[in-house]
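All residue numbers refer to positions in the sequence shown, counting from 1.
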Amino acid sequence: HASFLQESMLSSASGFKNYRGILNWCVVMLVLSNARLFLENLLRYGILVDPIQVVSLFLKDPYSWPAACLVIVSNVFIFVALYTERKLAMGSISEKVGLLIYIFNLTVILCFPMVVVLKLPSITPVGGAFALGVYTILFLKLYSYKDVNRWCRERTQVKARRTNPRVVNGHVKPFLEIFYMYYFVFAPTLCYELNFPRSESIRMGFLLRRLFEMWMVPIIRSSMKPLQEMDYSRMTERLLRLAVPNHLIWLIFFYCFFHSSMNFVAELLRFGDREFYRDWWNSETITYFWQNWNIPVHKWCLRHFYKPLLRIGAGKLLSQSAVFFASAFFHEYLVSVPLRMFRLWAFMGMMAQLPLAWFVARFLRGNYGNAAVWLSLIIGQPIAVLMYVHDYYVTHCQDDPTISEAL
């Protein structure tokens, strides 16, 4: 056989990209390592997970479901938005009046659950975080619903209606039925469309695989004493010990939520657009990561926040900074309110992404940039987690001798 120039497969110059076997190896190693830890803890300590304790994360009183009631009340805001759109479509109210109703509705969506969570002691931090997450998603969805329907009305006013009452200028007129509204509310997207892409049927095999994957939920426990005693060497050691399991949990959360759960819901609703994430793991810049790890939020920010800012004359840097500021606000909102303490760690962590993004883009390239992104994910999140857990421990658990002794 004649010899010719050929790169090794693992060299970037080879152009080889099929690493599925290595991915499967990582999964097998992850399962085996966790299985060993599970068996070791089971033999040493027995079964530590008490179902009652798991339920108590969501409920203090089994006969009182305040967080669930809070979620049910969110239907009021959905009906207000739908009723407003119907009145606007009929011309019963002006665009200015409609905008004022929307501003009031969207403001209350953010403020009402926050006040309830802060004032109602029976809502647990986990239940509060879940309820606020639902209201935040609803806020983003209804904001998109408002914008898209307004854009459709503006197109309708430009040219006369054609024969088909549903079609104006080649654009589908808004569907203002309750069914279509709730389809959008439950669909795994934040951006409203006049005509969502739909798959032909529900694949039961695909649905069951995603359902099985959603049951893999990890639980970890760590000590606060080094932080409380301000032992910096032990703090660093605990941080490094927490970094890997925290990162693995984050990766499992990403797969479970963005792949398994959202595909499960999409399959049930026959929702066709399944681009919930892109190849963020190949990120060589911080900006690329934030643009690709959460596509529904990225699309919403681009469509309803970033581009409108550019259209009114804001520069790219100012617009990007505004997007990060809004993201930082919601991160802090979803953490501080359920924990009932305001420390701004999540807010500052998000805003710190701006100088970090500049540094990585300016000084690092290729694999070095990718390594920097991974390092920020592996080390950055545990720092924020430790700060919140420390502050929560000091505020709520420090004077409890049983908890202090257990930790």
Asker: Distance-only, no hydrogens or angles: does the Gln291 side chain make a donor-acceptor pair with backbone N or O of His298 under 3.5 Å?
Answerer: no
Asker: How far apart are the closest heavy atoms of Ala322 and Leu309, and which atoms are they?
Answerer: CB-CD1, 3.7 Å
Asker: Ignoring hydrogens and geometry, is there a side-chain-to-backbone donor-acceptor pair from Arg270 to Arg198 under 3.5 Å?
Answerer: no
Asker: Any chance you could measure Trp374, atom CH2, to Asn370, atom CG, to the nearest 0.5 Å?
Answerer: 7.5 Å
Asker: Any sub-3.5 Å donor-acceptor pair from Tyr183's side-chain atoms to Leu269's backbone N or O?
Answerer: yes
Asker: According to side-chain hydrogen bond (donor to acceptor under 3.5 Å, both in side chains), does anything in residues 307-322 pair up with another residue at least two apart or in another chain? List the pairs.
Answerer: none
Asker: Show me the donor-acceptor pairs, under 3.5 Å and distance only, between side chains in residues 103-118 and residues at least two apart or in other chains.
Answerer:
from   : atom 1 : to     : atom 2 : distance (Å)
Asn105 : ND2    : Phe77  : O      : 3.2
Thr107 : OG1    : Ile103 : O      : 2.6

Asker: Between Arg303 and Glu193, is there a side-chain N and carboxylate O pair less than 4.0 Å apart?
Answerer: yes
Asker: Does Phe186 have more than 12 heavy atoms from other residues, nucleotides or ligands lying within 6.0 Å of its CZ?
Answerer: no
Asker: Identify all side-chain donor-acceptor contacts of residues 349-361 below 3.5 Å with residues at least two apart in sequence or on another chain.
Answerer:
from   : atom 1 : to     : atom 2 : distance (Å)
Gln353 : OE1    : Trp290 : NE1    : 3.0

Asker: Per the salt bridge (charged side-chain N to carboxylate O under 4.0 Å, His left out) rule, what does the pair list look like for residues 346-357, sequence neighbours excluded?
Answerer: none
Asker: Can you name the one residue among Phe253, Tyr277, Trp250 that meets ring-ring contact (aromatic ring centres under 6.0 Å, His included) with Trp293?
Answerer: Trp250
Asker: Given 3.5 Å as the limit, does a donor-acceptor pair link the side chain of Tyr102 with the main chain of Thr84, or not?
Answerer: no
Asker: Checking Tyr192 side chain against Lys146 main chain: does a donor-acceptor pair fall under 3.5 Å?
Answerer: no
Asker: Minimum heavy-atom separation for Ser199 and Arg274, please, with both atom names.
Answerer: OG-NH2, 4.0 Å
Asker: So, the side chain of Asn149 versus the backbone of Leu194: is there a donor-acceptor pair under 3.5 Å, distance only?
Answerer: no
Asker: Closest heavy-atom contact between Phe276 and Pro188?
Answerer: CE2-O, 3.4 Å
Asker: The criterion is side chain to side chain contact (heavy atoms under 4.5 Å, CB included); which residues satisfy it with His304, sequence neighbours excluded?
Answerer: Tyr143, Ser144, Asp147, Val148, Trp151, Cys191, Trp300
Asker: Just how far is it from atom CG of Asn294 to atom SG of Cys301, taken to the nearest 0.5 Å?
Answerer: 8.5 Å
Asker: State the CZ-OG distance between Phe342 and Ser336, to the nearest 0.5 angstrom.
Answerer: 6.0 Å
Asker: Quick check for you: to the nearest 0.5 Å, what is the distance between Ile295 atom CD1 and Leu190 atom CG?
Answerer: 11.5 Å
Asker: With a 4.5 Å limit on heavy-atom distance, are the side chains of Asn263 and Phe258 in contact?
Answerer: no
Asker: Do the rings of Phe184 and Phe196 sit parallel, tilted or perpendicular, given the 30° and 60° boundaries?
Answerer: parallel
Asker: Going by the rule side chain to side chain contact (heavy atoms under 4.5 Å, CB included), which residues pair with Asp273 if we only count those two or more places apart in sequence or in a different chain?
Answerer: Pro197, Phe271, Glu275, Lys299
